[in-house]
Amino acid sequence: MGCFFCWIVVSFQRGIAREIEAQNKWAQRVEMSYFFVLSADDALLRSPSSSRTRTSMRPTLALQVRGGGLGLLMCSHLPRKSVVPAPLSRRAVPIYRPNHSPYYVGLDRVREDPYDRVANPHGVIQLGLSDNKLCLDLIEDWMSKHFESSAIGGGDFAMYQPFDGMPEMKLAMAGFMSKVLGGTLSFDPSNVVLTAGATPAIEILCFCLADHGNAFLVPTPYYPGFDRDMTWRTGVEVIPVHCRSADSFTLSITALDQAFDQAMKKGLKVSGVLISNPSNPVGNLLSRDMLCNLLEFAREKNIHIISDEIFAGSVHGDAEFVSMLEILDLVEYDKGRVHVVYGLSKDLSVAGFRVGAIHSYNEDVLAASKKLTRFSSISSLTQRLLVPMLTDSGFINTFLGTNRDRSRETYKLFVEGLEQLGVNYLDSVAGSYCWVDMGGFMSSYSEKGELELWEKLLEVSKVNATPGSACHCAEPGWFRCCFTTILKDDIPVVMDRINKVAKLCKHAR
Amino acid sequence: MGSHSSNRTRVPLSRMAMGNGHGEDSPYFDGWKAYQIDPFDPAENPHGVIQMGLAENQLCADLIEEWLIDHPEGSICTAGGSDKFRDIANFQDYHGLPKFRNGIAIFMGKVRGNRVKFDPDRIVMSGGATGAHDLIAFCLADPGDAFLVPTPYYPGFDRDLCWRTGVKILPVNCKSSNNFKITKKALEEAYNGAVDAGIRVKGLIITNPSNPLGTTLDRATMKDLVDFVNEMNIHLVCDEIYAATLFRGPDFISIAEVIEEYDDDCCNRDLIHIIYSLSKDMGLPGFRIGIVYSYNDDVVRCGRKMSSFGLISSQTQHLIASMLSDDEFVERFIAESSARLAKRHGYFTHELERVGIRCLDSNAGLFVWMDLRELLAEQTFEAEMVLWRVVIHKVKLNVSPGSSFHCSEPGWYRVCIANMDDQTMEIALARIRSFVLENMMGNCMRVVRSKESKAVECKLKVSFSNRKMEEVMKMPCSMSPCSPMPPRSPLVRART
């Protein structure tokens, strides 16, 4: 469609460029990478003589200085609608581009074609989202018995509330956290800041604890969402600290130490360590000793610890969860360096309600978090509805117990199914997922092999599981499979489908 | 187990945590602090500070309450609505509930007289309008970039647009001489100033209806703005969160309507973004319902992913979707809200006028832009703050000084009038009358003394005619908490 004129960026001396800019008050800086490319037709259309163009054709220069180099883009007139779109921010670019991470691609595929035993039996089965649907019926039942609509109206709760949570909600959350994080601990609501889910809680802590360009050490494999929560907008870097299957993917202080030293050598300032305990995606717990060692490590390096304990109430195995706060309870110093993230999405199943919390003993962190959470406060309506339920001790105790029983039962059925297929898994005790080793089905022991397998699982057997590479796992072949978003009767269907892929892969070899 | 002072654990924190980018050290918040220490309550604390610094819409809270009671199916947490509980409680998709987006799109259209339609797929959620501004700034600008913002503007912008994003605000100065209209000249001056300083301007942010002015932009000005941003190739962000607070003519004209008048090659729609919320229009600030509506697909994609940081509770989305699908209720609400605002505004400004206090002529908003220039001892911001402190601590009304809105001229104050019942409003008015009366008495005493002494030629500003003073003296006064103006009050300071 006609030939194209290409306006070429030419290098000039800085002095000449400046002089031209000074002469033209409409000079606008343009990114070096942009070219003005117009077809011959367009160039005619945009000429001053064309009646199709509007007024205000000012002589314009685009000039910029980048990284010591110079460019002068010569253009006699910019059309009213510039062919160079006003860019979004640089930080927005990796975000608005289509995300090829398997974690998000898988979630999208399920959204497009969700499995339903009756309505869509050939749809994609969701094993990629660690939501817990096992005990939603209990909550539904409690709500419908306890709320007349008159309880929702009335009062001024629809008006502005403290951004860090209504006082009664903070009290209720502190009480619930005491139950879940450690029976002997009792939390003061004044040490709690509420947020719209754990996602903003992690981001807020990163804003508080680290400057742009600082780093956090994060043991792998880790929850894929941490990359978003910690780095998208804060300017913080994540340094993965690899854990190995030989150690059951348990954190090693030696590895942390090495990672810290390497960061220092590169000139990166480490602000803290982020751990998830119970671990996501592995599902194991950190021992008391390990937590003490971690605190010692943080003290030695004078850095923070963020402990994401969002699955604390989801222990289904025979093991005892120990919170970082319990370790802190034994020491009188260093309380200001540990910050716990919690939320109701997993343990109470109400992910849609967006209820998260930060617990800290550090007054400055609390003060800053309270101000930062104004961008992500919990709906007052939701708070009002949750307070009576959270403070109903009898119901909460029954709920937590039933949740544990149902999780255990479903986990057992799931791993039995895997065993029948001859698929290995890491025996985990907490969380709503199983860390499965499908390395035996890969065509090659590599990330490429793992992604090929993931694609087969998704496209051929229509099962969405999260590959370990999305979790930055150092060893290929591991997949996170969540078992709390499916019904028990669907487990055989899942196993059948995995088997289908297993046979395909064996056949291919 | 109380908080531990960070002195005992000296772990470094970020500059953001330790700095004051949050803006809460500014005088704007002093009034809030005074209110928090001594809040007015008609029964418990009748001499406390009356909150007139918070733009909250409480005038139609009864209508909302009535709807909630009559529609149990609206909430998934009641017996009437619990059948939907399981689907909604677990729903955390950042696309939002489709019926929520549809409801918002239709409501936005209704508020604009159905003159324009909105696409539900362009609606992105955020944590209130506060979260929406933070989100759009992250999407459009990098640290060190700037937005142009016409003054006077909402003080929260300094925090919401700049604090976490590292973006700057460059003011576009507007003057009272033409009712604070945004002129092309002012825009160009501000833009050129940025270029000269080596600052990259990424966009222009306007609030329409304006906070704090309470006025709407006319079509010609809107078109100037569209032309300007297209010419400069910068974004235009229109904060329209007060759209339904219009209570009289001229009509509110949304940017969505204005761009319909442009051909594609004359207006790049990728530059146009709207910020919306239900906090003001429906009086539901506690629900944290913020919306970014963008005509730019990349901004929608980016914003939607970022909305994970401030998703609206699915339970709240469901309730709002139900409420907004009730056409009869919505239409009645919009009309009734407008009528009640008109009544409140009309009465308040009339009563102020009777004591000689003028406000900028406005047609929307939850506040008035009060002109107290004549009460200033001198036309300086220092004098404005002196007067303001008197109003907070003596008259016991938390109003907001114009300087906190970056107004280029001293003497203006924003007074919120929709966050109280009629009784409280009467008390506030009575306090204002007392204050004005005492001020006038003080003026007169000073004039008498100076005439007697003939010592110093003073130029006092006696704002009110004797006739006006007689009228004022006949008005009911409250048991004003403030003491009579001392003769040496800065308000009646003589000028030589």
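Here is the naming used below: chain letters follow the sequence lines, and residue numbers restart at 1 for every chain.
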As an exercise: rank [options] by heavy-atom pairs under 4.5 Å with chain B and give me the winner.
{"options": "A:Cys206, A:Pro98, A:Pro200, A:Ser271", "value": "A:Pro200"}
{"options": "A:Val350, A:Ile378, A:Thr485, A:Thr382", "value": "A:Thr382"}
{"options": "A:Gln383, A:Arg97, A:Arg374", "value": "A:Arg374"}
{"options": "A:Val365, A:Leu372, A:Val93, A:Ile303", "value": "A:Leu372"}
{"options": "A:Met389, A:His212, A:Gln161, A:His304", "value": "A:His304"}

**Request:** Mark yes when over 12 heavy atoms from residues, nucleotides or ligands other than A:Arg111 sit less than 6.0 Å from its CZ; otherwise mark no.
**Result:**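 Count over threshold, so yes.
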
**Prompt:** Should we say atom NZ of B:Lys184 is surrounded by more than 12 heavy atoms from elsewhere, each under 6.0 Å from it?
**Reply:**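 At most 12 heavy atoms, drawn from other residues, nucleotides or ligands, come within 6.0 Å of this atom.
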
**Asked** Are any non-hydrogen side-chain atoms of A:Tyr160 and B:Leu54 less than 4.5 angstrom apart?
**Response**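 SC-SC contact between A:Tyr160 and B:Leu54 confirmed.
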
**Message:** Once you measure the plane-to-plane angle for A:Tyr361 and A:His359, does it fall in the parallel (<30°), tilted (30-60°) or perpendicular (>60°) bin?
**Reply:**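 Plane angle over 60°, so perpendicular.
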
Given that the side chain runs from C-beta out, which part of [X] has a heavy atom under 4.5 Å from chain A: side chain, backbone, both or neither?
{"X": "B:Phe91", "value": "backbone"}
{"X": "B:Trp163", "value": "side chain"}
{"X": "B:Ala141", "value": "backbone"}
{"X": "B:Lys202", "value": "side chain"}
{"X": "B:Ile88", "value": "backbone"}

Where the side chain of [X] meets the backbone of [Y], is there a donor-acceptor pair that is under 3.5 Å apart?
{"X": "B:Asn419", "Y": "B:Asn57", "result": "no"}
{"X": "B:Ser277", "Y": "B:Gly128", "result": "no"}
{"X": "A:Thr373", "Y": "A:Ser369", "result": "no"}
{"X": "B:Gln317", "Y": "B:Leu97", "result": "yes"}
{"X": "B:Asp263", "Y": "B:Asp265", "result": "no"}

Can you tell me which portion of [X] sits under 4.5 Å from chain B's heavy atoms? Options are side chain, backbone, both or neither.
{"X": "A:Lys370", "answer": "neither"}
{"X": "A:Asp141", "answer": "neither"}
{"X": "A:Asp137", "answer": "both"}

**Item:** Qualifying residue for side chain to side chain contact (heavy atoms under 4.5 Å, CB included) with B:Val229, from B:Leu236, B:Asp224, B:Val237
**Value:**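 Passing option: B:Leu236.
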
**Prompt:** How would you list, by chain and number, every residue that makes a side-chain contact (heavy atoms from CB on, under 4.5 Å) with A:Ala368, sequence neighbours excluded?
**Reply:**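 For A:Ala368 the side-chain contact (heavy atoms from CB on, under 4.5 Å) partners, ignoring immediate neighbours, are A:Cys208, B:Ala17.
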
In terms of heavy-atom pairs under 4.5 Å with chain A, which of [options] leads?
{"options": "B:Val167, B:Asp145, B:Thr130", "value": "B:Thr130"}
{"options": "B:Met282, B:Arg304, B:His22", "value": "B:His22"}
{"options": "B:Arg288, B:Arg301, B:Glu24, B:Arg164", "value": "B:Arg164"}
{"options": "B:Pro12, B:Ala89, B:Gly283", "value": "B:Ala89"}
{"options": "B:Pro285, B:Gly19, B:Ser126, B:Gly127", "value": "B:Pro285"}
{"options": "B:Glu56, B:Gln58, B:His95", "value": "B:Glu56"}

**Request:** Sequence neighbours left out, what passes ring-ring contact (aromatic ring centres under 6.0 Å, His included) with B:His133? Give chain and number order.
**Result:**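 Here the qualifying residues are B:Phe157.
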
